[in-house]
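For ligands, and for the atoms within them, numbers begin at 1 and follow the listed sequence. This chain uses plain numbering: 1 for the first residue, then up along the sequence.
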Amino acid sequence: MSIGLKASALFERALDLVYPQNLYCLCCEDTMEQSRIHGICDRCAQKISWLDHDPFRASLDEFAFDRLMSCCVYGFYPRKIMHALKLHGKPYIAKNIGLLMAEKARLECGAFTAAVPVPSSPSKLKKRGYNQAELLAKVVCRELGVPMWTDALIKPRDTASMRLSTGLERRNMLQGAFEVPEKACAKVRGADILLIDDVVTTGSTADACAMALKDAGAKSVSVLCFASSARAFEEKDLDAKDCEDAVN
Ligand SMILES: [Zn+2]
């Protein structure tokens with residue numbers, strides 16, 4: 001085992017000790033009677049709209065990706081979890097959510113050449129200090145035994161804030177925002193890519209990424225995320241509408 005791997009295993013062990021992992025629910029922060037593998041208490045788990053189908057299946061023709069695998073609808077509780085991950089980068093959240101995402105991919109029985117996290121622009125990465133999609137991808141890759149390619153897709157520039165934009169506006173803003181670097185083209189050609197992001201709302205980001213990967217010759221692009229907007233799907237927790245997505 002390399003020194004790097006040893007150090008990282010140690011780091012994980014240290015996190016387990018520092019953070020009382022799975023003693024507190026990621027959603028309500030209440031103590032859990034029993035330790036739950038994914039850190040979500042039974043009460044909260046029941047309030048999340050878990051998905052057993054592709055929420056974009058009726059409109060896949062509009063997108064460059066081939067399918068979307070999403071654990072749940074982006075309602076109140078998933079939003080809370082994602083905010084905690086994005087704002088604080090708590091590693092134990094990435095671990096719990098990454099495990100759920102890996103399970104989702106396993107259920108869908110896909111075979112992937114490699115996983116590619118949706119990249120952040122250099123300035124965003126500098127500001128936040130980490131890319132949450134990459135934190136999740138790391139866990140997914142380890143669980144599925146698939147390599148992670150962080151060099152296969154880049155976002156060279158910032159795009160304007162898209163918080164209040166419509167799907168079409170977002171799509172126009174993102175056109176050409178992602179690139180496959182010249183040196184990565186050879187491995188991307190013919191590959192079945194698992195594109196990983198934390199949340200998919202309009203699908204514009206995943207679409208722009210998939211377009212760049214397919215332009216470079218990727219055979220297929222399957223998107224895996226924790227939560228996605230409900231397309232023709234009734235949200236269980238309507239409170240979500242009051243919860244501003246301030247960090248997307
Ligand atoms: Zn809870």
CD1/Ile81 to SG/Cys25 distance, rounded to the nearest 0.5 angstrom?
7.0 Å
Taking Lys80 for its side chain and Cys27 for its backbone only, find out whether a donor-acceptor pair lies under 3.5 Å.
yes
Sequence neighbours excluded and cut-off under 3.5 Å, please list the side-chain donor-acceptor pairs for residues 182-197, or say none.
| from | atom 1 | to | atom 2 | distance (Å) |
| --- | --- | --- | --- | --- |
| Lys187 | NZ | Asp151 | OD1 | 2.8 |
| Lys187 | NZ | Asp151 | OD2 | 3.2 |
| Asp192 | OD1 | Ser220 | OG | 2.6 |

Taken in chain and number order and not counting sequence neighbours, the residues that satisfy side-chain contact (heavy atoms from CB on, under 4.5 Å) with Arg67 are Asp54, Met69, Glu108, Phe112, Ser222
Distance filter < 2.8 Å from the Zn ion (ligand 1), protein N/O/S hits 4
Sequence neighbours excluded and cut-off under 3.5 Å, please list the side-chain donor-acceptor pairs for residues 211-219, or say none.
| from | atom 1 | to | atom 2 | distance (Å) |
| --- | --- | --- | --- | --- |
| Lys214 | NZ | Ala64 | O | 3.1 |
| Lys214 | NZ | Asp66 | OD1 | 3.0 |
| Lys214 | NZ | Asp66 | OD2 | 2.8 |

Tightest non-hydrogen contact, residues Phe226 and Pro78, listed as CE2-CB, 3.8 Å
